[in-house]
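Each ligand, and each atom within it, is numbered from 1 in the order the structure gives. All figures in this text were calculated on a predicted structure; none of them were measured in a lab.
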Amino acid sequence: MVPPNSNSPEGSSNCGREMELDRIAVIGSGNWGSVAARLAATNARRLPCFQDEVRVWVYEERLSTGELLSDVINMTQENVKYLPNVKLGPNVVADPNLESAVKNATMLVFVMPHQFIDETCEMLKGKIRPDAKAISLIKGMELRDEGPRLISREINDQLGIDCSVLMGANIANEIAVEQFSEATIGFKDDKETADKWVQVFGTPYFEVTPVQDVEGVELCGTLKNIVAIAAGLVDGLGMGNNTKAAIMRIGLREMIRFSKLMFPTVQDATFFESCGVADLITTCFGGRNRKVAEAFAKHGGKRSFDELEGELLNGQKLQGVLTAAEVSSFLKAKNWEESFPLFSSVHAIATGLLPPSAIVEYAELRKIVGTPELHV
Ligand SMILES: NC(=O)C1=CN([C@@H]2O[C@H](COP(=O)(O)OP(=O)(O)OC[C@H]3O[C@@H](n4cnc5c(N)ncnc54)[C@H](O)[C@@H]3O)[C@@H](O)[C@H]2O)C=CC1
Ligand SMILES: O=C(CO)COP(=O)(O)O
C-alpha cells in the first residue's frame, strides 16, 4: 500500500507543477466511478502536486435502509450499493451537489453511464473552472442528427475544455481489489496533461499508458460493448468457444472498420493496446453486457434487456444495447448495414426483430436490410 501524504522522490520528481495544487473531482459514483475515485484518492494522498481531498458527485438515491447513499459513503468510506466491501479512502468526500462537487477542481473525471452525460454537462455549464482539464472513462456515444458523437467530443463542445479518455480491460471489481490490470489514455495533443492523468490513475497494480489517438481509444471502449452483447448471446445459446472466438474476431473487424470510417486518423496500433483486444476479451468473458445478453438468449428473447438489466444488475447500467442502437441508426442512414452484420444483428436481436440465434445467421439479417451494395 502507498503511504498517505508521502513526499517520495517519485512523487516530487514527477509532479513538475507550478504553485497551485491540482484538485480532482470525480463526476459519477457507480461501480467504475467508485474504483476511479479510489485510484485518484490514493494518488492524491501520495503525490504532493494534488490536494488531498477528492470530491465525488453522487447521483443521490435512498437505499432500502432509508439512508441516503452519499451519507453512507461519507460515514463508512464505502459505496455500499455500487462497490460494497471496498474502502474508497479517507480523503474521498461524497457530494450529492454537482456544483459544490466540482468547485475549484482543476481535473474533472467523467464516469457515468453515457446516457446521462448530456444532462450532466448542461448542469455543469458555468460551474467549472475554464482552465479545468477533463478525462472521460465513459464507454458509449451520443446520437446526434449528424450521426454518433464521441463523449469526449460532447464534453469538449458543451463545456469548452480539453478532454482525454481512459479505456482498457478494466472490470471495476477486479481493480478494486488491486489485481494487476492495464489501461490506455487517449489524448489529442497535450502530452503534459496526459502524463498528469497517468499520475492520477497509475499505481503498481494499474499500469496506464498514454497514446496520441483519442478517437481510436474511445471507439475501442465504446464499440466492444456491442461485441460483448453478441458474445453473451452465444453463451446463452449454449454454443462453444470456437463460436465465441469467431464472434469476437468478426466484432473486432467491425470495430476497426467502423472506427476508421468515422476517423481515418485512427491507428492500427491502438487496437493492440489495453483499450483494444484486451478490453474486448475481458468484457466478452466477464462483463455486465455479456451477463445480461446471456440471460436474454436463455429466455429466448422473450424478456427485454431493460427488464433483465434491472433484475440482474442492482442499479448498474448496460451500455452495449444503446450503443448498438446508436451505431445502427448511423449505419442505416448511410446504407452500410450489410458491411456491419454483427453490429446490425445485435441491434435487430435486442429490439426483437430477430431471434437470439440470428447472431450466427447473418442470412436472416439480409432479409431485413435487403441487399444494398457494399459501400465499405
Ligand atoms: N463497471 C465497470 O467495470 C466499468 C465501467 N465502465 C464504464 O464506466 C461508465 C460508468 O459506469 P459505472 O461507474 O460502472 O456505473 P454503474 O453502471 O455501476 O452505475 C450506474 C450509475 O448511474 C447513476 N445514475 C442513475 N441515473 C442517473 C442520472 N440521471 N444522472 C446521472 N447518473 C445517474 C447511478 O447513480 C450510478 O452511479 C460506463 O460508461 C461504463 O461502460 C468502464 C470500465 C469498467
Ligand atoms: O468496460 C468494461 C471492462 O473494461 C466493463 O464492461 P461491462 O459494462 O460489460 O461490465
Side-chain angles (χ1 to χ4, degrees), residues 26-39 56-63 68-70 73 79-84 86 94 96 98 101 109-124 135-142 150-152 154-155 165-177 179 181-184 201 206 217-218 220-232 235 273-294 305 309-310 312-324:
V26 179
I27 305 169
S29 57
N31 185 233
W32 183 218
S34 301
V35 176
R38 184 176 190 271
L39 288 166
V56 179
W57 176 56
V58 173
Y59 182 79
E60 191 65 287
E61 61 186 283
R62 205 168 277 286
L63 302 172
L68 291 172
L69 177 58
S70 61
I73 295 175
N79 188 336
V80 290
K81 174 150 182 194
Y82 294 100
L83 189 68
V86 175
L98 185 57
V109 179
F110 287 84
V111 52
M112 66 184 62
H114 77 278
Q115 55 269 40
F116 305 127
I117 191 65
D118 201 24
E119 64 195 66
T120 306
C121 283
E122 270 305 318
M123 292 191 282
L124 282 170
I135 194 162
S136 169
L137 278 53
I138 300 170
K139 294 175 174 172
M141 288 177 172
E142 279 277 298
L150 297 179
I151 301 297
S152 61
E154 193 70 22
I155 293 168
V165 298
L166 181 146
M167 308 277 142
N170 296 153
I171 291 191
N173 293 335
E174 297 179 16
I175 299 163
V177 293
Q179 291 176 5
S181 308
E182 298 176 306
T184 315
F201 293 107
F206 191 59
V217 174
E218 188 165 356
C220 279
T222 296
L223 297 172
K224 63 85 191 167
N225 281 335
I226 310 180
V227 188
I229 298 277
D235 286 345
E273 296 290 345
S274 176
C275 62
V277 177
D279 194 9
L280 183 67
I281 293 169
T282 203
T283 314
C284 286
F285 283 90
R288 301 167 298 186
N289 284 285
R290 187 218 69 81
K291 179 176 177 174
V292 179
E294 178 183 44
F305 269 95
E309 176 189 75
L312 296 174
L313 297 187
N314 188 32
Q316 295 186 34
K317 299 282 181 200
L318 286 185
Q319 306 293 282
V321 171
L322 270 177
T323 304

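Heavy atoms of Asn31 found under 4.0 angstrom from ligand 1 belong to the backbone as well as the side chain. Counting heavy atoms under 4.0 Å from ligand 1, residue Trp32 touches it through both backbone and side chain. If you look at Leu137 next to ligand 1, the close heavy atoms, those under 4.0 Å, all belong to the backbone. Residue Tyr59 touches ligand 1 through backbone and side chain together, judged by heavy-atom distances below 4.0 Å.
Which parts of ligand 1 touch Ile138 is read off a 4.0 Å heavy-atom cut-off, strictly below it: atoms 39 (O). Listed by atom number, the atoms of ligand 1 under 4.0 Å from Ile171 heavy atoms are 3 (O). The Ser29 neighbourhood of ligand 1 comprises atoms 37 (O), with distances under 4.0 Å to a heavy atom of that residue. If you number the atoms of ligand 1 from 1 as listed, the ones under 4.0 Å from a heavy atom of Ala172 come out as 1 (N), 2 (C), 3 (O). Set against the non-hydrogen atoms of Tyr82, the atoms of ligand 1 under 4.0 Å away are 18 (O), 19 (O), 34 (C), 35 (O), 36 (C). Within the listing of ligand 1, atoms 35 (O) sit less than 4.0 angstrom from a heavy atom of Glu61.
Here the protein heavy atom with the shortest distance to atom 44 (C) of ligand 1 is Asn170 O, 2.9 Å. The protein heavy-atom contact nearest to atom 39 (O) of ligand 1 is Lys139 N, 2.9 Å.
Side-chain atoms of Glu273 and Met167, non-hydrogen and from C-beta on, never get closer than 4.5 Å to each other. Within the 4.5 Å cutoff, side-chain heavy atoms of Phe110 are placed close to those of Leu124. Put simply, the side chain of Leu223 reaches to within 4.5 Å of the side chain of Met141, judged on heavy atoms. For the pair Ile229 and Arg290, the minimum side-chain heavy-atom distance is 4.5 Å or more. Gln319 is listed as a side-chain neighbour of Gln115, based on a closest heavy-atom distance under 4.5 Å. With a 4.5 Å cut-off on side-chain heavy atoms, His114 and Thr323 count as touching.
With sequence neighbours left out, Asp118 forms a side chain to side chain donor-acceptor pair (under 3.5 Å) with Arg144, Gln158.
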Lys139 and Asp279: CA distance, side-chain angles, deciding distance, side chain to side chain contact (heavy atoms under 4.5 Å, CB included) verdict: CA-CA 11 Å; Lys139 294 175 174 172; Asp279 194 9; 2.8 Å; yes

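Judged by distance alone, the side chain of Thr184 and the main-chain N or O of Cys275 form a donor-acceptor pair under 3.5 Å. With hydrogens and angles disregarded, no donor-acceptor distance shorter than 3.5 Å links the side chain of Trp32 to the backbone of Ile171. Side-chain N or O atoms of Ser274 include one that pairs as donor or acceptor with a backbone N or O of Glu182 at under 3.5 Å. A donor-acceptor pair under 3.5 Å links the side-chain atoms of Glu218 to the main chain of Ile151, judged by distance alone.
Of the listed options Lys81, Glu174, Met112, Met112 places a heavy atom closest to atom 9 (C) of ligand 1. Of the listed options Gly30, Gly315, Gly33, Pro113, Pro113 places a heavy atom closest to atom 22 (O) of ligand 1. Comparing Arg288, Gln319, Lys317 against atom 11 (O) of ligand 1, the shortest heavy-atom distance belongs to Arg288.
Heavy-atom neighbours of Lys81 NZ from other residues, nucleotides or ligands within 6.0 Å: above the threshold of 12.
Under a 4.0 angstrom heavy-atom cut-off, Glu119 registers as being in contact with ligand 1.
By the 30° and 60° cut-offs, the orientation of the rings of Phe116 relative to Tyr59 is parallel.
Protein neighbours of ligand 2 below 4.0 Å, counting non-hydrogen atoms: Lys139, Gly168, Ala169, Asn170, Ile171, Lys224, Asp279, Thr283, Gly287, Arg288, Asn289.
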